[in-house]
Amino acid sequence: MSVNNDFSKGSVSGNILSLALPMTLAQLINVLYNVVDRIYIGHIPGESTVPLTGLGLALPIITIITAFANLFGMGGAPLCSIARGQRENKKAEQIMGNSFSMLLISGILLMILCLLFKKPLLYLFGASSATFPYADSYLTIYLLGTVFVMISLGMNSFINSQGFGKIGMMTVLLGAVANIILDPLFIFVFQMGVRGAAAATLISQMLSAVWVLKFLRGPKAILRLNREGMRLKADLLKNITGLGMSGFVMSVTNGSVQIICNATLQNFGGDLYVGVMTVINSVREIITMPVMGVTNGAQPVMGFNYGAEEYGRVRSAIKFTTAVCVIYTFAIWGLLLLAPRFFIHLFNSEPELLEAGVPAMKIYFFGIFMMSLQFAGQSVFVALGKSRQAVFFSLLRKAIIVIPLTLLLPMVGSLGTNGVFLAEPVSNFIGGTACFVTMMITVWPSLKKQENKG
């Protein structure tokens, strides 16, 4: 099998952009995929913010499902890039096959468990008698497609890790276009409401999963999915889960933060503020999309060059990625300060939601450029296979900083709901600085030393 997409040749920034641009577009499409349900649901005629709030209550469970896709997808894909850089394609295929097997197994188990316990979970997450029916209707149908979600999200990482950024983009594009077309049809024409949104998402994820499997089993893939590679091996699973634990922890803690935020906001502000947080989470998905695209595009380049012992190129990739992320997030912060109402109007135009949402957004997104340092540092740890550091900084920002602050700040003075929104910028400043500085103190000098030695 010939080795294509050799990231040790050509411009480092060019290699990153060749992946990052289609992956950023894929991220944009993926955001539409995720938030288009909320946009349509928020504009159902005759309804207030209650259906949108109900949909927001289902997000933590969806986030936790995504966490398991990250565990095996984002855990295996960087290892594939390193193995490919070392010209060990058979090992890379075994890594991919083991990841696929675990995605299938975990997807089935998650579907069963979440269907069994969804009612107590939703009430635990902040549901009320008014919002529970909407959350339950959406989640019941969505969970039936859990395996499709796992395959489309988890295995698409292996398409991107081989350098096929455009094919990876098409995975997301296929599902997103289907979802955008089917959503209004099911919600408004067939008058299925939130059930229609869930059905559209299920069908869209199924189409994406079929696309991924067709490519990875086809002749164009450098690494192919095969039965031999799917046989589970303890040493590979240990490495995959060890590295994937970073993305897993990040997603689980994101889900945990959503749960704590919704429950705390329900206590201090009621359904309205749970709806505000639903909008803020949706806006965050939109504005962090380019950062995710760049860092995800940089990881295969860093990993390949690290495996090929091209340490100077790894350092160049780190510098380029960091600069792009910081500049972009500075610009988006200014836009959020100038036009917060524009972003809220995308999801709902109720006057009370606008009144509560504008000041909440300004607090939540304050100094968002510091978040880019977290993403940049985290991407380096993941790309180079440094799982312990990646996991630690995932836990630091969300579990150690955000969750305690979310619980404590509302009780400080008269902060109330503002305390919930304030926890995020505090975590960005502390967590982002700690992650990036640690990477510069530990990884950067090591790469420089190895480059000079070589």
Side-chain angles (χ1 to χ4, degrees), residues 38 42 48-50 52-57 59-60 122-132 135 253-285 287-288 329 332-345 347-371 374 396-434:
R38 289 165 242 172
S48 62
T49 61
V50 176
L52 181 64
T53 302
L55 199 58
L57 292 167
L59 294 182
L122 287 172
Y123 275 106
L124 178 66
F125 297 169
S128 66
S129 57
T131 57
F132 173 77
T253 50
N254 279 337
S256 301
V257 168
Q258 289 171 358
I259 293 166
I260 299 298
C261 285
N262 286 343
T264 307
L265 288 170
Q266 182 66 247
N267 184 38
F268 282 89
D271 288 341
L272 174 62
Y273 279 90
V274 178
V276 169
M277 182 55 80
T278 301
V279 171
I280 286 177
N281 282 329
S282 303
V283 172
R284 187 189 64 204
E285 288 181 42
I287 64 174
T288 57
T329 47
I332 201 67
W333 183 29
L335 184 60
L336 285 165
L337 290 175
L338 291 172
R341 288 177 173 269
F342 166 78
F343 291 97
I344 297 174
H345 272 296
F347 300 93
N348 195 273
S349 300
E350 292 291 326
E352 63 269 21
L353 187 70
L354 286 167
E355 183 180 353
V358 169
M361 280 188 63
K362 290 182 177 180
I363 295 172
Y364 186 90
F365 291 114
F366 179 80
I368 193 176
F369 61 90
M370 294 299 295
M371 181 201 64
Q374 173 85 22
L396 175 66
R397 194 170 79 86
K398 292 292 186 180
I400 299 175
I401 301 175
V402 175
I403 291 177
L405 288 179
T406 300
L407 294 170
L408 294 173
L409 287 178
M411 296 183 288
V412 175
S414 57
L415 283 176
T417 55
N418 286 340
V420 176
F421 302 118
L422 184 61
E424 182 71 12
V426 173
S427 76
N428 284 336
F429 275 86
I430 299 174
T433 300

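Everything numeric in this text was worked out from a predicted model, so none of it was measured. Heavy-atom basis, side chains included; hydrogens, waters and symmetry copies ignored.
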Asker: With rounding to the nearest 0.5 angstrom, report the CG to CG distance, N254 to L59.
Answerer: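 Rounded to the nearest 0.5 Å, the CG-CG separation comes to 11.5 Å.
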
Asker: If you measure from CG on L52 to CD on E350, what distance do you get to the nearest 0.5 Å?
Answerer: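 L52 CG to E350 CD: 10.5 Å, rounded to 0.5 Å.
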
Asker: Check A356 against L272 and note the closest heavy-atom contact, atom names and distance.
Answerer: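 For A356 versus L272, the nearest heavy atoms are CB-CD2, 4.2 Å.
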
Asker: At what distance, to the nearest 0.5 angstrom, does CG of L337 lie from CE of M361?
Answerer: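 If we round to the nearest 0.5 Å, L337:CG and M361:CE are 9.5 Å apart.
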
Asker: Under 4.5 Å between any side-chain heavy atoms of K362 and P340, yes or no?
Answerer: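 The answer is yes; the side chains approach within 4.5 Å.
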
Asker: Run the side-chain contact (heavy atoms from CB on, under 4.5 Å) test on N428 and Q374 for me, step by step, so that the C-alpha distance in whole Å, both residues' side-chain angles and the decisive distance to 0.1 Å come before the verdict.
Answerer: CA-CA 8 Å; N428 284 336; Q374 173 85 22; over 6 Å; no

Asker: Looking at every heavy atom in both G431 and I401, which two are closest together, and how far apart are they?
Answerer: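 Looks like N-CD1, 4.1 Å.
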
Asker: Please report the closest heavy-atom contact between F347 and S282, naming both atoms and the distance.
Answerer: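 So the two residues come closest at CZ-CB, 3.3 Å.
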
Asker: Aromatic rings Y273 and F421: how do their planes relate, parallel, tilted or perpendicular, breaks at 30° and 60°?
Answerer: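 Rings of Y273 and F421: tilted, 30 to 60°.
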
Asker: Consider only side-chain N and O atoms of D271 and S128, and report whether a donor and an acceptor are under 3.5 Å apart.
Answerer: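 Short answer, yes.
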
Asker: Tell me the closest heavy-atom pair linking T329 and F369, and the distance in Å.
Answerer: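 The answer is OG1-CA, 3.3 Å.
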
Asker: Check whether any side-chain heavy atom of F343 lies under 4.5 Å from a side-chain heavy atom of R284, and answer yes or no.
Answerer: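 With C-beta onward as the side chain, the pair stays apart.
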
Asker: Between F365 and M371, does the side-chain contact (heavy atoms from CB on, under 4.5 Å) criterion hold? Intermediate values first, please.
Answerer: CA-CA 10 Å; F365 291 114; M371 181 201 64; over 6 Å; no

Asker: Quick check: are there more than 12 heavy atoms from other residues, nucleotides or ligands sitting under 6.0 Å from CZ of F366?
Answerer: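 Counting neighbours around CZ of F366, 12 or fewer heavy atoms of other residues, nucleotides or ligands fall under 6.0 Å, so no.
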
Asker: Out of curiosity, W333 CH2 to M370 CE, how far, rounded to the nearest 0.5 Å?
Answerer: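 Answer for the CH2-CE pair, W333 versus M370, is 10.5 Å.
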
Asker: Taking the side chain as everything from C-beta on, heavy atoms only, tell me whether E424 gets closer than 4.5 Å to I280.
Answerer: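 In short, these two side chains do not touch, never coming nearer than 4.5 Å.
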
Asker: Quick one: which of N418, V420, L415, T417 gives a side-chain contact (heavy atoms from CB on, under 4.5 Å) with I363?
Answerer: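 Filter result, single survivor: N418.
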
Asker: Could you tell me the separation between the CG atom of L57 and the CZ atom of F125, rounded to the nearest 0.5 Å?
Answerer: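 Here the interatomic distance stands at 9.5 Å.
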
Asker: Do H345 and L354 have side chains that approach each other closer than 4.5 Å (heavy atoms only, starting at C-beta)?
Answerer: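 Result yes, sub-4.5 Å side-chain heavy-atom pair found.
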
Asker: Without swapping roles, check the side chain of T131 against the backbone of A127 for a donor-acceptor pair under 3.5 Å.
Answerer: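 Checking the backbone N and O of A127 against the side chain of T131, no donor-acceptor pair under 3.5 Å is found.
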
Asker: Please find the pair of heavy atoms, one from A135 and one from G54, that lie closest to each other, and give the distance.
Answerer: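 Answer, listing the atom of A135 first, then G54: CB-O, 3.1 Å.
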
Asker: Side-chain contact test, heavy atoms from C-beta onward, threshold under 4.5 Å: evaluate it for L405 versus S427 and give yes or no.
Answerer: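 SC-SC contact between L405 and S427 ruled out.
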
Asker: For A263 and L124, which heavy atoms make the closest approach, and how far apart are they?
Answerer: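 Closest approach of A263 to L124: CB-O, 4.2 Å.
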
Asker: Could you measure the distance from the CG atom of L335 to the CZ atom of F342? Nearest 0.5 Å is fine.
Answerer: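 One finds 8.0 Å between CG of L335 and CZ of F342.
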
